[in-house]
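The analysis underlying the following values was restricted to heavy atoms, covering all of them including side chains, and did not include hydrogens, waters or symmetry mates. Quick note on labels: first sequence line is chain A, next is B, and so on, each numbered from 1.
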Amino acid sequence: MESMNTITIRFWGITARLAGAEQRVLQLSAGARVADAVEHLRLDATLSGELPRCAYAVGDDMVGLDHPLADGDELSVLPPVSGG
Amino acid sequence: MESMNTITIRFWGITARLAGAEQRVLQLSAGARVADAVEHLRLDATLSGELPRCAYAVGDDMVGLDHPLADGDELSVLPPVSGG
Amino acid sequence: MNQSVTLPHIQQQPLQLDALLAQTERPDCGALAIFAGAVRNHHEGAAVSHLIYTAHPALCNKIIAAIEQETREQFNVPECRIVHRIGELQIGEVAIVVVVRAPHRAEAFAALRYAVDSTKHRAPIWKEEFYPDGSSSFVAGCCIADGFEPPDHLKLLPKKENT
Amino acid sequence: MNQSVTLPHIQQQPLQLDALLAQTERPDCGALAIFAGAVRNHHEGAAVSHLIYTAHPALCNKIIAAIEQETREQFNVPECRIVHRIGELQIGEVAIVVVVRAPHRAEAFAALRYAVDSTKHRAPIWKEEFYPDGSSSFVAGCCIADGFEPPDHLKLLPKKENT
């Protein structure tokens, strides 16, 4: 049986409001990338419209959609920023 | 006999150093203009080289060389400025 | 984000300009340029009662530190300090302070603008506005995803080659 | 100039940023931009021990007031305050403070630069530098006589016609 990785999704800014939570835990196949997690998030109809404008980070590193996810990673969903 | 106006020249910045004084009193013919006072100052060889870069004021009004001087006027000699 | 955050570039306590000035004092720098951004009582025509800023603490701290370094290198200014406040802010309270010190004013002005605008365009901070009727909304912001280009004046200059 | 001068825009006492900030506070202005010019310990490669600034008090005060008004009108910023110090200043002491408050940051940056540069180019203030050996010299400055053109960015915009 395929091994699974546990990924914690952290929602920031408006995405926490849209997701109705500050985080969700996903089980993804080993070898899954950020794009696979995003694909999963797109199933949430409330959240999906915001995702094309979002960036992603693992820990404190910004990552691209093809970044491989490791077991235990925390993947942040970063909507457009509005500091200052 | 022609009536005379008393004009006080105030030297600012480097012009006070060159003139060796903060002020000089001139007697100029009635009807004299700023240019006539400057003509007089040009006789001072130490000062004359700086005058082409100077501006002039009477009281707290900047004036041009053709501004008429009145008896008792204080004419300021303003070399290039270097505030800030 | 309920935990108290104390990182060099983000804090929940009110920002102290005096402290930043004291920390950056240098006898070789004649020019000090400062920007402070405060909470306005209006935004796009609507009255605002207060704001809540949230930030991804570790990532935000790292990105702001990078912006400081870029600013110092690109504009050749010895000091650039950026601090952003998070949490609930009332009208008039200061959300961001940027301090630049440089030998001369021209580079101080340019560096200040770069540092302020880059922070607003890149730091993972989100502003939620609250209105007098109790409703709120997140302010439309700047996309930091790949493929969204920053304005020209915020693009990094190419690194100088070491020849 | 031995008399003590206390005019809104020139003073012999140390400049107080806090006081200027308190005097200009406005709830509709989200952007605060500040410039402070301090005495450097060097100028064109030579060590400087201290400075003496002199100013034509009445004329200088009037010209700085005019620069403030131009800045407010041209950049549509509600607050612009300029204060210059005169007398003897030590290294690190602040010679000029300019404070601009505006609803948004773009006009605050532009207004700040205009106000600072205009004061340096037009206010009748003279800087005498003193060197460690006790000698001194007046710093070469900006000519304010008719016929000497200011840099382009300091030229006044044509007044808008009232139509």
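Against chain D, the residues from residues 19-40 of chain C that qualify, each with a non-hydrogen atom under 4.5 angstrom away, are Leu21(C), Pro27(C), Asp28(C), Cys29(C), Gly30(C), Ala31(C), Leu32(C), Ala33(C), Ile34(C), Phe35(C), Ala36(C), Gly37(C), Ala38(C), Val39(C), Arg40(C) in number order. Contacts of residues 120-141 of chain D with chain C at a heavy-atom distance below 4.5 Å involve Lys120(D), His121(D), listed in sequence order.
Considering CG of Leu112(D) and CZ of Arg113(C), their distance stands at 13.0 Å, rounded to 0.5 Å.
Only the side chain of Asp18(C) comes within less than 4.5 Å of a heavy atom in chain D; its backbone stays farther off.
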> Given the rule in the side chain to side chain contact (heavy atoms under 4.5 Å, CB included) test, do Leu17(C) and Leu17(D) qualify, once you have shown the distances and angles that lead to the verdict?
Replying inline: CA-CA 10 Å; Leu17(C) 179 58; Leu17(D) 178 58; 4.0 Å; yes
